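Single-structure report; data block below.
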Amino acid sequence: MNPQAIKFHKQSQTLELVYNNTSYHLSAEFLRVHSPSAEVRGHGPDQAVLQAGKQHVKILKLEPQGNYALRIHFDDGHDTGLYSWAFLHTLCGDKARLWQTYLEQLNQASLSRDPDTSAVKFIL
């Protein structure tokens with residue numbers, strides 16, 4: 001499903017997508033850690049690479065890819081994911097669950113969203 005409108009809010013680093021007159025806001029961090037690229041998702045179901053330390057990542061540029069997708073250039077050098085309209089629509093509709101799952105995965109791996117912090121688990 002193609003969005004009715006797309007707006008990038010530079011100050012808040014959020015991408016606003018409008019579907020069926022409803023606005024959804026996806027942060028740069030959310031988009032970066034859920035990139036559809038092989039670098040993030042791997043080449044198979046068990047090859048995904050958990051993205052940590054992306055809390056302050058910024059979007060440098062949005063580049064349309066025909067009539068079907070956006071290429072997002074991030075300030076950490078990542079720019080290989082093509083975010084199809086269908087994929088972005090899925091991210092919008094499933095944002096809360098995807099974000100919670102991501103936070104749980106970081107916690108289980110003792111990783112942090114903050115690039116300057118390492119989470120530490122104490123085992124007593």
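Values reported hereafter were calculated over all heavy atoms of this structure, with side chains retained and with hydrogens, waters and symmetry mates removed. Because the structure is a prediction, the values reported are computed rather than measured.
Between E104 and R97, none of the side-chain N atoms (NZ, or NE/NH1/NH2) sits under 4.0 Å from a carboxylate O, so this pair counts as no salt bridge. Between D79 and R71 there is no salt bridge, since no side-chain nitrogen of the basic residue lies less than 4.0 Å from a carboxylate oxygen of the acidic one.
With contacts defined as side-chain heavy-atom distances shorter than 4.5 Å, the pair L26/T14 does not qualify. No side-chain heavy atom of F74 sits less than 4.5 Å from a side-chain heavy atom of L60. At a threshold of 4.5 Å between non-hydrogen side-chain atoms, the residues F30 and K95 count as touching. Contact check for I6 versus E16: no side-chain heavy atoms found under the 4.5 Å cut-off.
Remark: D114 CG to L106 CG distance equals 11.5 Å, nearest 0.5 Å.
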Problem - H73 vs I59, side chain to side chain contact (heavy atoms under 4.5 Å, CB included): CA-CA, chis, key distance, verdict - result: CA-CA 6 Å; H73 298 259; I59 294 172; over 6 Å; no

Exercise for the section: Test E39 against V49 for side chain to side chain contact (heavy atoms under 4.5 Å, CB included), laying out the working first. Expected result: CA-CA 7 Å; E39 175 187 328; V49 178; over 6 Å; no

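No chain of hydrophobic side-chain contacts below 4.5 Å, direct or via other Ile, Leu, Val, Met, Phe, Trp or Tyr residues, connects I72 to V40. L103 and L91 fall within the same hydrophobic cluster, where Ile, Leu, Val, Met, Phe, Trp and Tyr residues are linked whenever their side-chain heavy atoms come under 4.5 Å apart, directly or through other members. Linking Ile, Leu, Val, Met, Phe, Trp and Tyr whenever their side-chain heavy atoms come within less than 4.5 Å puts L15 and W85 in one cluster. Under the 4.5 Å side-chain heavy-atom criterion for Ile, Leu, Val, Met, Phe, Trp and Tyr, M1 and L98 are members of the same hydrophobic cluster.
Summarising the geometry of P36 relative to R41, their closest heavy-atom pair is CA-NE, 3.5 Å, with the distance given to 0.1 Å. Here the shortest heavy-atom pairing between L62 and F8 reads CD1-CB, 3.7 Å. The two residues A69 and S84 make their nearest non-hydrogen contact at CB-CA, 3.7 Å. Nearest heavy atom pair, residue Q51 against residue Y102, reads O-OH, 2.6 Å. When all heavy atoms of V18 and S23 are compared, the closest pair comes out as CG2-OG, 3.5 Å. Here the closest non-hydrogen pair linking S37 and T80 is CB-OG1, 3.3 Å.
Checked by atom type and distance alone, the side chain of Q100 never pairs as donor or acceptor with a backbone atom of A96 at under 3.5 Å. The backbone N or O of L31 lies less than 3.5 Å from a partner atom in the side chain of Y83, making a donor-acceptor pair. In this structure, the side chain of W99 does not engage the main chain of D94 through any donor-acceptor pair within 3.5 Å. Judged by distance alone, with hydrogens and angles left aside, the side-chain atoms of N20 form no donor-acceptor pair with the main-chain N or O of T22 at under 3.5 Å. Not a single donor-acceptor pair under 3.5 Å links the side chain of D75 to the backbone N or O of V57.
Among residue pairs with one or both ends in residues 9-29, those qualifying as ring pair (Phe, Tyr, Trp, His ring centres under 6.0 Å) are H9-H25, Y19-H89; sequence neighbours excluded.
Each of H56, Q13, Q55, R113 was checked for a side-chain hydrogen bond (donor to acceptor under 3.5 Å, both in side chains) with E29, and the lone residue meeting it is R113.
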